[in-house]
Every structure is written in C-alpha cells, then in structure tokens.
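Here the structure comes first, spelled out in structure tokens, and everything after it is commentary.
Naming: A, B, ... by sequence-line order, numbering from 1 per chain. All values reported here derive from a predicted model rather than from experimental measurement.
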Amino acid sequence: MDHNDLIIECKNLNVSFYIQGHGIGSFKEFLLSLGTKKPFVRKQVLFDLNLEIRRGECFGILGRNGSGKSTLLRVLSGIIKPDSGTLRVNGDVAPLLALGVGLEQELSGYENIELCSSLMRIPSEKIKKAIDYIREFSELSHEQLSMQVKRYSSGMMSRLGFAIAVAYDPEIFIIDEALSVGDLFFREKCYKRINEIIASGATIIFVSQEPQELKKICKRGMILKNGHVSFVGTIDEIEKTYLS
Amino acid sequence: MGLIKEDHLIVLKSLVIKDLKLKYKNSILGYFWSLLHPIIYIAIFYVVFSNAFPTVENYALYVISGILFWTFFSTATSQMTGAIVSSAHILKSVFIPGYFFPLSLLMSAVVNFILSLVPFIFIMILLGAKIDFNLICIFPIIILFSIFTYGFGLMLGSLNVFYRDVSMIWMSFSPAIFYATPVAYVIDIVPEKWLFIYKLNPLTHFLEATHHVIYNGLWLTWQELIILTALALISLYIGMSIYKKLEKGFVSNL
C-alpha cells in the first residue's frame, strides 16, 4: 500500500499508565526519599500495538470495558505519550471533546461554544462563522444558548457538545461511544452528519462496545482485547469474530 | 516545556478569559470584590494593629502596600493548587499541556491584581503616599513576584494531583506564613537573633521591596532586584522540575 494513503500509522506501540507508587500510607516514605525514589509504578495498558488507518476511511475499534480503547484514542490525539514504538499521525485530530465533557457548567451556551472551540485550537474568526451552524444543529434556541449550561438537560448538553465537535470539518474525527445519547431523532441526525463528514473525505475513528453500532458507518475495524490487537478486518468479519 | 506556539496562545487566552469570567459569576458585586476583599482586610488590620504599632508612621499606608501583594499571593496559590485537578476532564480529552491551567489562573490573577491596583493608588495618595517616578519600580516587582508565585503554585498544583493533602496543608500553613512575613508589622520589631529566619522566607524580600517603593518612596536597589530575580527563577525552576517529573502520571491518576 502507498504510504501517503495512511493517515495514522502505529508500529509496536507500548503504552503504560503511571500509577502513584506510594499509597497514602507510605506518604512518609515518599517524603523521606526526597524524590529520589521513582514516583510511579508502571502498568502497561497497550502491548505491541500495530495499526494502519487509511485516509478517508471510517475505522471501527471494538472492545470491552477496560480493553484499552480510550487509552488508544488518547494516544492518537497526543494526550498520552507512548513508552516505545512509532506513531505517525498525518493530520489534525479532532479531540474527544464531544459529548460536552469540556462544557463549563457556570458559563452560557454561547460562552461554551467559544471556550470548547478554542480548546480545540480553532481561531476566533472560524468560531464566529460556525455559531449559526452550531445553533441550528444542536436545535437549541438563542434563549437557551444564552442560559448557563448547568440549567441544561443532559440531552441538551450532549447536543451542544456534539454540534461543537462536528462544526469544524476536522481531518481525523474521533467518536467515542458518543451516539448512545440524545433522542432517536437527534441520533439519526448525528449519523447523517457523520456520513457527510465521511463524504467530505475526512477520516473517522469510531469506538464502541457494540458491533451493530460500528456496522452503521464503518467498513473496516479491529478488535482490542486486554491491550492487544486480537483481530483486524472487514466489519462483517469483526462482528462474527467478536460474537463467537 | 518548549516554546508556546500560536495555537497554544488561542488555548491560553480562552482559559484566562474563562477564569476571569468564572471568578465573579453568580456574585452581585463581581469585580468589586477584588477591591472589597483587601479593603475589608486592611480595615481589620488597621483597627486591630494600629495601636499596637504606634511608632509606625502612617500605618494604613504601610498595611495597604503589604496586603495587596499578600492577597494576590495567597489567592493565586490557593487557586493554582487545585488547577490541574479541577481541569481533569479537559486534560483527559484534549491535548493541552498541564502547566497551562495554573498559568491561566495566574494570568487572570495578575490582571485582577493590576486592575485593583488602580483605585488603590488613589487611596494611597489620599493617605499621603508620594507619587513619584520611583513608583514604576512596582512593575518589575509585580513581574518577578508573579514568576515566583507561578513556580510555587505549579509545584503545589502538580503535587496536589497525587496527594490532595497538599491543598489542605497549604490552607492551614498560609496564615502562618502571613504572620512570618512583614505584611502588617515592620521588620524592625523582630529581635536581631531571629532575623535570619525572616531572611530565609522569600516572601519577606518581596514585601520589603514593596514597602521600600510604596511606603518609603525609594527606588529599588540593584541588590534587591538581583535577590528578587534569583528568588523568582529558583522558584520557577523548582516548580518546573517537579511538574516535569510528575507530568506523565497526570492522566492516569486524575
């Protein structure tokens, strides 16, 4: 395969958590060592991971709780540095900020649009242009967007979060079990928007525990099991392998 | 830590704006609290201590110059202690260097500090402070004091990720440090044999420099400037080293 076609390439990636080595009980020990002792105990989460994602495809990652899916996504978006191996990402990654995790409760909807977008490093002219789109997509009125986010229902929050995340045509778009929220109509709208994003040539990485969800948009994917890649293939093969 | 890139500036700017907005959200008096808080403090100290130090001429002016700096230091450090912990949700979902969160809090505290300085300059004139060119010395002091505060706050904020005791410890100790620093009293009343302990407290040097400039109307001496710069850089170095050492554990421990 031509190398320019690969938008994400991981080779022999090893990733660990660093858990604090001294429990509360041994705080004294930590102080007495005056920082000479290693502050962390390493716990490996991803093992020797190889992954190739092509430009413009919609790639699914399937795995159970604790299989390392979120960690992998954090590595791909640059939040966690791998211990060893090579990681090449040839594009901008739109972060997992969807779903309103980045929303600041005390600020209004409008203020949050500005805040979340700038945390995604979107310049302010671009944010101004996107506001109408976000209002329309999220189905929130001007009045609601002027309200503090803490007064929103959880559905309103995820609508706003999703609308902000999809407003900027990213090159690589990460969706982390995002679509399990919102009502049926909004969910349909999300799938429609994701298909638009795919049609525009962007790459999508979709993470889920449910093969049926993946099937709706992905053609290819992999199964992650206890930090190892256990299978890579087409979505039908994946469904079969995962359920068997 | 690397240089701050342009797209990092977007992030930093919006974090500062957020911190400034959040500070007075849901309060009626808003920005005026940054004036009221030190005024109330100063009034208390004036009432309680002015009779205790009858030898100090124009005690109110002396207290004002000290308390403004102290309030900046104590509020900034206590906010910065929780900065990384309270930004866990952002740190886990977007790539933003962890030291940005204390930095944005510090910057919003500096903005606030400078804004609150303006009306206090008028009060100080009323109290008989000499307004002279030497007052520009206040700016290098503010810059160096901010760097000092940042290093210290970065250290507290990083440690607090692993041991939440840090914020408790700091909350209990900062009043003690207040009394160990010549904010509300003059250093002359300290017995000579204890003086070296006072000199070991870095805050003493910043507060003394402030008093020299505002209260005594003097210029900052080279010697003072060198000491303050050294203290600021040492604090920054310690803060950054501790941050560097602990940084990779942030995401797994938040």
Exercise. Under 3.5 Å, is there a donor-acceptor pair between the side chain of B/S252 and the main chain of A/Y18?
Worked result: yes
Surrounding [atom1] of [X] (heavy atoms of other residues, nucleotides or ligands, distance under 6.0 Å), is the total greater than 12?
X: B/K13; atom1: NZ; value: no
X: A/N12; atom1: CG; value: yes
X: A/Y133; atom1: OH; value: yes
X: A/K225; atom1: NZ; value: no
X: A/K81; atom1: NZ; value: yes

Is any side-chain heavy atom of [Y] closer than 4.5 Å to one of [X]?
X: B/I10; Y: A/M120; answer: no
X: A/R121; Y: B/V94; answer: yes
X: B/I17; Y: A/L115; answer: no

For this session: Pick one of side chain, backbone, both or neither for B/I242, based on which atoms fall under 4.5 Å of a heavy atom in chain A.
Result: neither
Exercise. Which atom pair, heavy atoms only, marks the closest approach of A/L107 to B/K18?
Worked result: CD1-CG, 3.9 Å
For this session: Please name the pair of heavy atoms, one in B/S14 and one in A/L119, separated by the smallest distance, quoted to 0.1 Å.
Result: OG-CD2, 4.3 Å
Taking atom [atom1] of [X] and atom [atom2] of [Y], what is their separation to the nearest 0.5 Å?
X: B/L22; Y: A/E111; atom1: CG; atom2: CD; value: 8.5 Å
X: A/I19; Y: B/F162; atom1: CD1; atom2: CZ; value: 10.5 Å
X: A/S118; Y: B/L9; atom1: OG; atom2: CG; value: 12.0 Å
X: A/S16; Y: B/K248; atom1: OG; atom2: NZ; value: 9.0 Å
X: B/H89; Y: A/L103; atom1: NE2; atom2: CG; value: 8.5 Å

